[in-house]
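The structure appears right after this line, and notes come after that.
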Number of protein chains: 2
Amino acid sequence: MKNPLDQPTATIHTMRARLATPDPPPATDPKLDALVREIIERVADKWTMLVLEVLEEHGVVRFTRLGELVGGISQKMLTKTVRQMESDGLVKRTIHPVIPPKVEYELTNLGRSLGTAFCGVWIWAEEHHEEIDHARRTFRRDSEIA
Amino acid sequence: MKNPLDQPTATIHTMRARLATPDPPPATDPKLDALVREIIERVADKWTMLVLEVLEEHGVVRFTRLGELVGGISQKMLTKTVRQMESDGLVKRTIHPVIPPKVEYELTNLGRSLGTAFCGVWIWAEEHHEEIDHARRTFRRDSEIA
DNA sequence: CTGCATCCCAAAGGATACTG
DNA sequence: CAGTATCCTTTGGGATGCAG
């Protein structure tokens, strides 16, 4: 697909205006949009959200335990995800210089704030899982007809 | 540090307990959790969220235009993403039997409700992008020291 | 033992060409 | 225009190795 120019796409301004902020009109700032979009691309990730969930639930967790709690994640991806989250300031990593080694992970305030923001999606999933299930069945059935 | 969201771990379970029935639901249903988790894994996807955003902003959009508005997505992924969203009941796909072909995409009510739920994350990204940026710089700097 | 890096293979994703 | 098919690159996952 041709991608002549990164169309400024993301327009959070509309949604913000919709919600509460009676701020000045959305003089769309392309740089801000690009920035926000980049963050969404990073954060809208399956493993990131799952790790976030687990840390939110369990507080301070060690590496292996974190992997168990997330479930179905490879060490490699867990490392990568958790490093990225750390670099973005979502997670704090504490190394205890003991033998055997002990490294603990926990959310930062920033991480917790993301968890809160994303909480709405968990609730959405819980409230609408039946609709989704129904839609999937209908879609499959319609596809079979063809 | 204006962060009204700094509550101790808002999770789906604690939220449920908080909002819904005050007595019985501390017991977690593993099947429901698995179901909800599966939905999160599907939905917590970069392209899905970006397409959702675009459709929320622009209403009814044709295929090519949708790709342009999302930006940086290949035809393949756009097709795949939009098909998956359709099968999950988030998107309605309308084929107009004309030449040249015309296929229009728009959100369903379910899709719009997800958009609303995810809106909190966009706002979060906008409010905290500076913190993230700072965290990244700090992380890089600290890494360079080592 | 814990935690992370490496190797290797499978799967996801991008670019292009082509059809209805 | 809206895809599908094809080819090729990039990324993710399992297993292993290894340092602390």
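Because the structure is a prediction, the values reported are computed rather than measured. Keep in mind that the numbers below use all heavy atoms, side chains included, and drop hydrogens, waters and symmetry copies. Lettering follows sequence order; numbering is per chain, from 1.
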Practice item. Let me know the distance between CE of B:Met77 and P of C:dA11, rounded to the nearest Å. Key: 16 Å
**Study point:** Close approaches to DNA chain D from residues 39-51 of chain A, in residue order (heavy atom, under 4.0 Å)
**Key:** A:Trp47
Practice item. Round to the nearest Å and state the distance from B:Ile73 atom CD1 to D:dA2 atom P. Key: 14 Å
Revision key, fill the gap. A:Arg137 meets the salt bridge (charged side-chain N to carboxylate O under 4.0 Å, His left out) criterion, sequence neighbours left out, with A:Asp133
Review point. Of all heavy-atom pairs between A:Val70 and B:Arg37, which one has the smallest distance, and what is that distance?
Key: O-NH1, 2.5 Å
Review point. Axis-to-axis angle across the helix from C:dC1-D:dG20 to C:dG20-D:dC1, five pairs an end, to 10 degrees?
Key: 30°
Point to revise | Closest-nucleotide 5' rank along DNA chain D - winner of B:Pro100 and A:Ile99 | key: B:Pro100
Practice item. For residues B:Ala117 and A:Val121, report the shortest heavy-atom separation together with the two atoms involved. Key: O-CG2, 3.9 Å
Practice item. Could you tell me whether the side chain of A:Ser87 and the main chain of B:Phe139 form a donor-acceptor pair under 3.5 Å? Key: no
Check your understanding: Which whole-number value in Å describes the distance from B:Glu68 CD to D:dA2 C1'?
Key -> 13 Å
Practice item. Indicate, with a heavy-atom threshold strictly under 4.0 Å, whether A:Pro101 touches base, sugar-phosphate, or nothing. Key: base
Validation: residues 74-83 of chain A side-chain donor-acceptor distances under 3.5 Å, sequence neighbours left out:
unit_1, atom_1, unit_2, atom_2, d
A:Ser74, OG, A:Met77, N, 3.2
A:Thr79, OG1, A:Gln75, O, 2.9
A:Thr81, OG1, A:Met77, O, 2.7

Practice item. Determine whether B:Asp88 and A:Arg136 make a side-chain contact, defined as any pair of heavy atoms from C-beta on separated by less than 4.5 Å. Key: yes
Check your understanding: Are the side chain of B:Thr116 and the backbone of B:Arg112 linked by a donor-acceptor contact shorter than 3.5 Å?
Key -> yes
Practice item. Grab the NE2-C1' distance between A:His96 and C:dT2 for me, whole Å please. Key: 14 Å
Review point. Do A:Leu50 and A:Ile73 come within less than 4.5 Å of each other through their side chains, counting heavy atoms only?
Key: no
Review point. What closest approach, in Å, do B:Thr108 and B:Gly89 show between heavy atoms, and which atom pair accounts for it?
Key: OG1-O, 2.5 Å
Check your understanding: Looking only at side-chain N and O atoms, does B:Arg62 come under 4.0 Å of OP1 or OP2 in D:dA2?
Key -> yes
Point to revise | side-chain N/O B:Ser74 vs C:dA15 OP1/OP2, d < 4.0 Å | key: no
Got a list of side-chain donor-acceptor pairs under 3.5 Å for residues 60-69 of chain A, not counting sequence neighbours?
unit_1, atom_1, unit_2, atom_2, d
A:Arg62, NH2, A:Pro101, O, 3.0
A:Arg65, NH1, A:Glu68, OE1, 3.4

Practice item. Look at the aromatic rings of A:Trp124 and A:His128 and report parallel, tilted or perpendicular, splitting at 30° and 60°. Key: tilted
**Study point:** Heavy-atom protein contacts under 4.0 Å, nucleotides 3-11 of chain D, coded B base, S sugar-phosphate only, - none
**Key:** BB-------
